[in-house]
Amino acid sequence: MALRLFNTRTRSVEPFSTYEEGHARIYVCGLTPSAQAHLGHARSFLFFDVLRRYLVHQGLRVTYVQNVTDIDDRSIATALERGGSWLDIIGEHYASFSASMRKLGVSPPDFEPRATEHMPAIVTMIGDLLQSGHAYVAPDGVYYRVASFPRYGAFSGRNLDELLVGARVAVGEQKTDPLDFALWKFAKPGEPSWPTPWGAGRPGWHIECSAMSASLLGVPFDIHGGGTDLIFPHHENEIAQTEALVPGPMANFWLHGGLLLFDGKKMSKSLGNFEPLAHLLERHDPQAIRLLFLQTGYRKPMNFTEEALAGATAGIRRLFDSYELLRAAPLVEPFADVAQQRFDAFPQRFFQALDDDMNTSSALSVLFEVAAEARALAQSGAASALAGFLQQGLELLGLDPQARCEEEPQLAADFVLRLQAALDAGAGAAALTLDRDALAAEAIAAVLAARTAARQRKDFSLSDRLRASLAQVGILVKDEASGSTWSIVE
RNA sequence: GGCGACAUAGCCAAGUUGGUAAGGCAGAGCUCUGCAAAAGCUUGAUCCCCAGUUCGAGUCUGGGUGUCGCCUCCA
């Protein structure tokens, strides 16, 4: 079975194929960093990250473009309000967004084009639209003439009459038809602007995607993505712009991710009903957030709750614990044939799930089953070839056990002092004196060594007090057959 | 008002072509371990309502109800 994806353009699940043999070209509408990024953005880009990993896994070369809308009305307005430059606002939010994506394990795009850095392509395209009669110059800007594109509305499933009923014309707009949309907005005094033959100003929102996708990927390309809220008008308008100039579809597959709701309402800039992504990532494990999103179908609307995230946090711990347990276990083969057959079914089910319109939830359930199975084996002394598959599966979904390992040494600077204090209070001053300059891990190892010695002497009371002292500073001790291990709680 | 989604156990959630329901979290019981923790085993669903098609429907059809999205910047 091969990968099948739901295509918004045809409203059906279709086998995925590329125009160019072995090369997938993807354009995803990125962020407009006029405000802080939120979890909803993370959900969307996380999905495309996994899609991208899967395509690469299938041996495709992937060119992934994700634009940055670095000029828009909101950032200009905010700059006017606060003082300072709109670019500073964009830069600040964009940097924070990038850092968050990195934390979440989202691979950086191959190209991250910014509207302001592609003005020539944008201006050229507007020129072409003017020349071909699809656009006209009005007193306040250049507009796309919707009536000139008969297919307008077909993509998003709307007809012009109905659109007309709901159409609103913003104050000051001087277009000839309410449905027309701006390709270029002439600058008012004090606004940032770029020169063009028909007047200085800035691009409308939609034109940058048409221009930049064409110049970086060519037309048609394979996948165009974004959130469902972009279907209309953004993607409808992109299509109108691009397809007015080029025959055939702008892109073959159109993929749209379901929106993230908070308190049953869409997270949105205008409502401001969200905690900035960067804040959230300070409080929560990015890998857990990743798991949370992948456990829900990407097209479904999804309500975010702290409770669900707590569940995912426990889930990711279990998955990673299993992974580490397996990694440590020696590889012993072969299995009995019957068992082997059963194990072979795991990868099969896993990949089938992903092939089925990227059903990451179902794929994950297979990994959880593998984890359980493998644990049982590791515990019984046998080891498992499943470790390799589990690792592959986790990697494909971008779940990275190493990401957690890196965090472990990052205990607070005064950790050793606090641990010593806990020991003095709990286990008695004579119990142990730690080297104040020791690394946290070394100090913990020293305490554990003392505890192991105590246990060997059957001095369980001291053993328990030492464990309690560690617990007080947030270290959880587990006794396993091979020795004691520790991990950080909270 | 127009268009479009979604409604499955306490919570999250999967469910190709219709054949009595994956997985995770939480809970309960048991096993193991000096005690814990961890782990393993066991345990839970008249699939929003009504009607219909069918031998058989979460899955198809019709009608309700509820929630949400787009139609204005928005992943």
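Below, read A as the first sequence line, B as the second, and so on, with proteins coming before strands; counting in each chain starts at 1. Values below: every heavy atom of this structure, side chains too, minus hydrogens, waters and symmetry copies. None of the values given here were measured: they were computed from a predicted structure.
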Solution key, residues 254-263 of chain A side-chain donor-acceptor pairs under 3.5 Å, sequence neighbours excluded:
unit_1 : atom_1 : unit_2 : atom_2 : d
A/W254 : NE1    : A/A251 : O      : 3.1
A/H256 : ND1    : A/T8   : OG1    : 2.7
A/H256 : NE2    : A/H235 : ND1    : 2.8

Using nucleotides 67-69 of chain B, report all nitrogen or oxygen pairs with the protein that are shorter than 3.5 Å.
unit_1 : atom_1 : unit_2 : atom_2 : d
B/C68  : OP1    : A/K265 : NZ     : 3.0
B/G69  : OP1    : A/K266 : N      : 3.3

Solution key, residues 306-315 of chain A side-chain donor-acceptor pairs under 3.5 Å, sequence neighbours excluded:
unit_1 : atom_1 : unit_2 : atom_2 : d
A/E306 : OE1    : A/H284 : NE2    : 3.2
A/E306 : OE2    : A/R283 : NH2    : 2.7
A/T313 : OG1    : A/L309 : O      : 2.8

Please list, pair by pair, any protein nitrogen or oxygen found under 3.5 Å from a nitrogen or oxygen in nucleotides 10-12 of chain B.
unit_1 : atom_1 : unit_2 : atom_2 : d
B/C11  : O2'    : A/E307 : OE1    : 3.4

Exercise for the section: Answer yes or no: side-chain N or O of A/S362 and base N or O of B/G23 forming a donor-acceptor pair under 3.5 Å. Expected result: no
Practice task
Would you state whether a donor and an acceptor, one from the side chain of A/R467 and one from the base of B/A37, lie under 3.5 Å apart?
Solution key: no
Fill in the blank from the handout: Comparing A/A314 with A/D464, nearest RNA chain B nucleotide closer to 5' gives the residue A/A314
Handout entry: 5′-ward residue of the pair A/F232/A/M267 relative to RNA chain B
Key = A/F232
Base, sugar-phosphate, or nothing for [X], non-hydrogen atoms under 4.0 angstrom?
X      : answer
A/H38  : base
A/G297 : sugar-phosphate
A/G40  : base
A/L367 : nothing
A/R455 : base
A/V477 : base

Fill in the blank from the handout: Answer for the Watson-Crick or wobble partner of B/G44, both distances under 3.5 Å, is none
Practice task
Write down the distance separating the C1' atoms in B/A36 and B/A75, rounded off to the nearest Å.
Solution key: 46 Å
Fill in the blank from the handout: Heavy atoms of A/R451 and A/R467 approach each other most closely as NH2-NH1, 3.5 Å
Handout entry: Aromatic stack A/F460/B/G34: centroid gap under 5.5 Å, interplanar angle under 30°
Key = yes
With sequence neighbours excluded, tell me which residues meet salt bridge (charged side-chain N to carboxylate O under 4.0 Å, His left out) with [X].
X      : answer
A/R299 : A/D357
A/R145 : none
A/R53  : A/D49
A/R102 : none

Can I get a per-line list of side-chain donor-acceptor pairs under 3.5 Å for residues 153-160 of chain A, giving both atom names and the distance, sequence neighbours left out?
unit_1 : atom_1 : unit_2 : atom_2 : d
A/S156 : OG     : A/R158 : NE     : 3.4
A/S156 : OG     : A/E236 : OE1    : 2.5
A/N159 : OD1    : A/D161 : N      : 3.2
A/N159 : OD1    : A/E162 : N      : 2.9
A/N159 : ND2    : A/E162 : OE1    : 3.0
A/N159 : ND2    : A/E162 : OE2    : 3.3

Handout entry: Check: A/Y94/A/E112 side-chain N/O donor and acceptor closer than 3.5 Å
Key = yes
Practice task
May I ask you to check whether A/T10 and A/S12 show a side-chain donor-acceptor distance below 3.5 Å?
Solution key: yes
Practice task
Verify the contact: side-chain N or O of A/R318 to OP1 or OP2 of B/G40, cut-off strictly under 4.0 Å; return yes or no.
Solution key: yes
Exercise for the section: State whether A/N159 places a side-chain N or O below 4.0 Å from either non-bridging phosphate oxygen (OP1 or OP2) of B/C3. Expected result: no
Handout entry: Listed nucleotide nearest any side-chain atom of A/K478, set B/A22, B/A37, B/A75
Key = B/A37
